[in-house]
2 protein chains.
Amino acid sequence: MVCYKFGKKMNNNSIFIEKLRSSGLRPTKQRLEICRLLFDRKKTFHFTITDLCKIIKKEINKKISLATIYNTVHSFKKKGYLKEISVNREKSYFDTNTSDHHHFLDIKTNELIDLKKEDVDKINIKKNLPGKKITSIEVLVKIENNN
Amino acid sequence: MVCYKFGKKMNNNSIFIEKLRSSGLRPTKQRLEICRLLFDRKKTFHFTITDLCKIIKKEINKKISLATIYNTVHSFKKKGYLKEISVNREKSYFDTNTSDHHHFLDIKTNELIDLKKEDVDKINIKKNLPGKKITSIEVLVKIENNN
DNA sequence: TTGTAATTTATAATGATTCTAAAGTAGTGT
DNA sequence: ACACTACTTTAGAATCATTATAAATTACAA
């Protein structure tokens, strides 16, 4: 969900309102606040729902209920504004970068770092499963400190 | 954990007992039963802990407590007899195939299918993160029915 | 056989997520 | 501006998976 226009950051909510309306979601106060926290950023943002709850508690005056946070993240995911990346049993991240890309995962800190599609040579799967077609190929590169 | 010898399936537990002892785990009745269910198979086996609980309930006369099932799976993972593959928020699988390999995931059924390393052209990561080294590269190929 | 540390067990506790039903709100038509 | 309706939010309960606890049991070395 783009929040920059003519290279200049939009300070208002008009784009979020448009976007939400155009995908059939009413632009409520809660959704707009969450949009602002998630999408008003230069860099893509990786977060768990627990992370988001903490950020909301810290940054927003009025409380947003837990159920609403879950509902909002799930509807944003369903509408394609968020992508989910599950790295292990404990951590499943949402990613504001919904383009086709890959990830590094620091196995010590669980930090997730975007890896552009262009930074990985084309992946060629030599095995073909009859009756099935490939819908996406996701690469997770696990990393750790170099010493 | 190998359970075939001279191409012939071992009907007894001696290999499991050896293996467990050699990795510092006492070969208890419960662990041996779970070994038998997990490793006495021709094909690699993908399961969630919930799956395993059901299988144990069905196949084993004497009950194994839930805590033991969790403990056993986690210690087998720690000892390198199982590999964990997290495909989404709802499903995290354990895989008896601990070799370096990849997976297909049927996004409709959540079925996981092994993909041999040789069936994927060498993955070349062109981006380098300073101070970090790569410990593994995992590819998840999402598939669905072809119609 | 005995002692001890590892293991298993039932149950309680925790934590994340979903459900529920009532209250509140946005958008439409008047 | 007003009223209506469907959508949304909310607090709290319910559910589900997982982990912690502490007592009973077991493996195994002496």
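Remember, it's a predicted structure, so these values are computed and weren't measured experimentally. Chain letters run A, B, ... following the sequence lines, proteins first, then strands; residues in each count from 1.
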Between D:dT25 (P) and B:N71 (CG): distance, integer Å
18 Å

Between B:L25 and B:K79, what is the shortest heavy-atom contact and its length?
CD1-CG, 3.9 Å

Okay, side chain of B:T96, backbone of B:F39: is any donor-acceptor separation there less than 3.5 Å?
no

The side chain of A:T50 is closest to which nucleotide in this list: D:dA27, C:dT17, D:dT10?
C:dT17

Would you say B:R21 reaches D:dA27's phosphate, i.e. side-chain N/O to OP1/OP2 under 4.0 Å?
no

Quick one: B:Y70 OH to C:dT11 C1', roughly how many Å, whole number?
15 Å

Rounded off to whole Å, could you give me the CZ-to-C1' distance for the A:R31 and C:dA26 pair?
11 Å

Could B:R21 and B:E18 be called an ion pair, given the rule that one side-chain N must be under 4.0 Å from one carboxylate O?
no

To the nearest Å, give me how far apart CD1 (B:I34) and C1' (C:dT9) are.
13 Å

Does OP1 or OP2 of D:dT9 have a side-chain N or O of A:S65 closer than 4.0 Å?
no

Distance check needed: D:dT9 C1' versus A:K63 NZ, whole Å only.
11 Å

Just the rounded figure in Å: distance from C1' of D:dT26 to CG of B:L25.
15 Å

A:Q30 side chain near D:dT10 phosphate (N/O to OP1/OP2, under 4.0 Å)
yes

Once you round it to whole Å, what is the distance between P of D:dT9 and NE2 of A:H74?
14 Å

Should B:R26 be listed as having a side-chain N or O under 4.0 Å from OP1 or OP2 of D:dC28?
no

Taking only side-chain N and O atoms of B:T28, does any of them lie within less than 4.0 angstrom of OP1 or OP2 on C:dT8?
yes

To the nearest angstrom, the NZ-P distance between B:K29 and D:dA27 comes to 5 Å

Could you say whether A:G24 or B:P27 is positioned toward the 5' end of DNA chain D, judged by the nucleotide with the nearest heavy atom to each?
A:G24

Evaluate side chain to side chain donor-acceptor pair (under 3.5 Å) for B:T68 paired with B:N71, printing each intermediate quantity in order.
CA-CA 5 Å; B:T68 299; B:N71 289 339; 5.3 Å; no

Any base atoms under 4.0 Å from A:K62, or only sugar-phosphate, or nothing? Heavy atoms, all strands.
sugar-phosphate

Spell out, as yes or no, whether a donor-acceptor pair under 3.5 Å connects the side chain of B:K126 to the backbone of A:D121.
no

Assuming nearest nucleotide by heavy-atom distance, tell me which of B:R89 and B:L66 is located more 5' along DNA chain C.
B:L66

